[in-house]
Amino acid sequence: MLVGQHVLFQQGYRVGHPYYIYLPFTPYSPHHHFLHIYNPPGVFYITQTRSMAEHGGATTTQRILGWFPERVQLHIAMLALQFGYAGFHVISRAALNMGISKIVFPVYRNILAFILLLPFAYFLEKKERPPINLNFLVQFFFLAVVGITANQGFYLLGLDNTSPTFASAIQNSVPAITFLMAAILRIEKVRLDRKDGLAKLSGTIFCIAGASVITLYKGPTIYSPSPSLNQVREMSPLLQSLGDANGKSWTLGCLYLIGHCLSWSGWLVLQAPVLKKYPARLSFTSYQLIFGIMQFIVLAVFMERDINAWLIHTGSELFSVFYAGVVASGIAFAVQIWCIQKGGPVFVALYQPVQTLVVALMASVALGEEFYLGGIIGAVLIITGLYLVLWGKNEEGKFMIQSPTDNSVARTSSHARSSIVQPLLSQSNENV
């Protein structure tokens, strides 16, 4: 835009007042500029531009972000998010093999996450937070049972008996299981006369088949680390503690991981109607964290009576708890919210298999994890099913926008696009 150029300006501004619009740095503009605008709305006349230096100077963050389009920033954030979650799988396995309790670990993790989330929930949602009542508390309690206690408990039990790679691989079935649960509860409508309905149904079948293969068929070893990598691992006691679950029940571990995915999917489905009445998502999550901590403490009374289990003995244990609570539950949560707001829930879900690939590389190169034929076949089936479900959801969204009878649905869909908690539930049903 140049001085003297007429530009259409949006409605909603007071006439007769000057406005400045920030323009980011581009190759065609040697400085960050503010446009001096007078007499909006309608077509306005640019009378003056002011550089950022004249306005007070651009921050370093603004200069850096000015070089990258928002889409590039989004892809970088999603890759960083997958690396963060991949690290969580490996570090959680390290914590378990170092002897940290499966009850104590989630308690400390959720306490750190709650401390990190509480200030944002309190200050950012003052106006939109409904008053709390007994009905909400009961619903938060049962959602915590499913989404925190059962979800995290089954995950740790499954991870302890399998490996980080296959724990990550089987999580790719969550969107398909969520769709299946929503269809059974009639929250999601399945249109088998359309390609989107057939794609979602086929994807669900693929995911179920993949999870079954991983659980029932381990198969021969198709990849083992080279001798040089084994020598590196033997030099580090920490690396020796990681990798495959030798001497443990692979089938039982896979069943635990399926329970983890069922809990996760059930949490996504069951919280949808609660969020309609209680839209303050940060506060909603904070209440569940409180109840989840209380539930794990009650379990500890019966299952973890050794007082020494609550002590952090080494720096490695402290780091694993800090990473799980701050990075995986705090920072990653904030990054995921931003990514869903900017790119939509389907875009975010498309990156899930990248996490599995990163975990596999980390575990095989650094930790010496072996890969088995059954796990590879199952992972391929699950990831294929994931993309079929997501493609079906994308096609369903296009159909709703194009259909003249679903204009109200399209508005609902665009409003729900930024939801972090129900990314794969149908947005075409007003009862959700």
Side-chain angles (χ1 to χ4, degrees), residues 85 106 109-110 113-114 116-118 120-122 124-125 128-155 171 173-189 258-296 328-330 332-334 336-341 344-346 348-349 352 389-390 393 412-413 415-432:
Y85 280 135
R109 170 193 175 181
N110 291 320
F114 174 73
L116 194 64
L117 187 61
L118 182 61
F120 296 97
Y122 180 78
L124 297 180
E125 295 182 337
E128 60 179 303
R129 183 168 51 240
I132 198 68
N133 55 45
L134 181 60
N135 184 39
F136 280 139
L137 291 176
V138 171
Q139 293 179 76
F140 294 157
F141 176 84
F142 285 107
L143 284 172
V145 171
V146 177
I148 294 182
T149 307
N151 181 15
Q152 296 180 10
F154 280 133
Y155 169 76
Q171 284 182 347
S173 64
V174 169
I177 296 174
T178 303
F179 160 73
L180 181 62
M181 286 185 174
I184 293 174
L185 296 174
R186 301 195 177 186
I187 295 175
E188 179 97 10
K189 291 183 178 179
I258 291 175
H260 155 67
C261 294
L262 289 171
S263 301
W264 191 351
S265 300
W267 177 71
L268 290 173
V269 173
L270 294 174
Q271 68 176 309
V274 182
L275 279 167
K276 292 288 289 185
K277 303 174 184 177
Y278 198 91
R281 292 182 176 87
L282 297 178
S283 302
F284 172 82
T285 305
S286 298
Y287 278 114
Q288 291 182 76
L289 285 172
I290 293 174
F291 284 119
I293 293 167
M294 294 170 59
Q295 289 163 12
F296 271 117
S329 297
F333 180 76
Q336 187 170 332
I337 288 178
W338 182 83
C339 290
I340 288 178
Q341 288 175 339
V346 173
V348 172
Q352 176 68 23
V389 170
L390 295 179
K393 290 299 296 182
T412 304
S413 177
H415 173 72
R417 185 172 181 264
S418 63
S419 171
I420 190 173
V421 291
Q422 45 180 346
L424 293 167
L425 295 183
S426 174
Q427 295 154 352
S428 62
N429 194 323
E430 292 295 336
N431 293 327
V432 175

> Does the side chain of Gln336 come under 3.5 Å of the side chain of Tyr85 through a donor N or O and an acceptor N or O?
yes

> Run the numbers on Asn151 and Val146 for side-chain contact (heavy atoms from CB on, under 4.5 Å), then give the verdict.
CA-CA 6 Å; Asn151 181 15; Val146 177; over 6 Å; no

> Of all the heavy-atom pairs spanning Gln171 and Cys261, show the shortest one and how long it is.
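Gln171 and Cys261 have their closest heavy atoms at CA-SG, 3.9 Å.
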
> Taking only residues two or more places apart in sequence, or in another chain, which ones meet Phe142 in a side-chain contact (heavy atoms from CB on, under 4.5 Å)?
Val138

> My understanding is that only residues two or more places apart in sequence, or in another chain, count here; which of them pass side-chain hydrogen bond (donor to acceptor under 3.5 Å, both in side chains) with Tyr278?
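Testing Tyr278 for side-chain hydrogen bond (donor to acceptor under 3.5 Å, both in side chains), a comparison that skips the adjacent residues, returns none.
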
> Hey, are the side chains of Phe291 and Val145 touching, using non-hydrogen atoms and a 4.5 Å cut-off?
no

> Taking side chain as C-beta onward, heavy atoms only, is Pro130 less than 4.5 Å from Lys277?
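Counting from C-beta outward, Pro130 and Lys277 never come under 4.5 Å.
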
> Could you tell me if the side chain of Ile148 sits less than 4.5 Å from the side chain of Phe296, heavy atoms only?
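The answer is yes; the side chains approach within 4.5 Å.
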
> Heavy atoms only: give me the nearest Phe141-Gln295 pair and the separation to one decimal.
O-NE2, 3.1 Å

> Considering residues at least two apart in sequence or located in another chain, which fulfil the side-chain contact (heavy atoms from CB on, under 4.5 Å) criterion with Val274?
Gln139, Phe140, Leu143, Phe284

> For a side-chain contact (heavy atoms from CB on, under 4.5 Å) with Val174, tell me which candidate from Val389, Leu262, Leu268 qualifies.
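Per the side-chain contact (heavy atoms from CB on, under 4.5 Å) rule, the option paired with Val174 is Leu268, out of Val389, Leu262, Leu268.
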
> What class does the angle between the rings of His260 and Tyr155 fall in, given that below 30° is parallel, 30 to 60° is tilted and above 60° is perpendicular?
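The rings of His260 and Tyr155 sit tilted, inter-plane angle from 30° to 60°.
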
> Is the number of heavy atoms from other residues, nucleotides or ligands within 6.0 Å of CZ (Phe120) greater than 12?
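12 or below, so no.
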
> Ser263: what forms a side-chain hydrogen bond (donor to acceptor under 3.5 Å, both in side chains) with it, not counting sequence neighbours?
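Listed in chain order: nothing, the list is empty.
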
> Could you tell me which residues satisfy side-chain contact (heavy atoms from CB on, under 4.5 Å) with Ala328, sequence neighbours excluded, listed by chain and number?
Phe88

> How long is the span from the CG atom in Leu185 to the CG atom in Leu180, to the nearest 0.5 Å?
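The distance works out to 9.5 Å.
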
> Test side-chain hydrogen bond (donor to acceptor under 3.5 Å, both in side chains) on Gln288 and Trp267; report intermediate values, then the result.
CA-CA 11 Å; Gln288 291 182 76; Trp267 177 71; 2.7 Å; yes

> With sequence neighbours left out, what residues match Leu117 under side-chain contact (heavy atoms from CB on, under 4.5 Å)?
Leu282, Thr285, Ser286, Leu289, Phe333

> In Å, rounded to the nearest 0.5 Å, how long is the span from CE of Met294 to CG of Asn110?
13.0 Å

> Determine the minimum heavy-atom distance between Arg129 and Ala280, stating which atoms define it.
CA-CB, 3.9 Å

> Find the distance between CE (Met181) and OG (Ser265) and round it off to the nearest 0.5 Å.
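The distance works out to 5.5 Å.
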
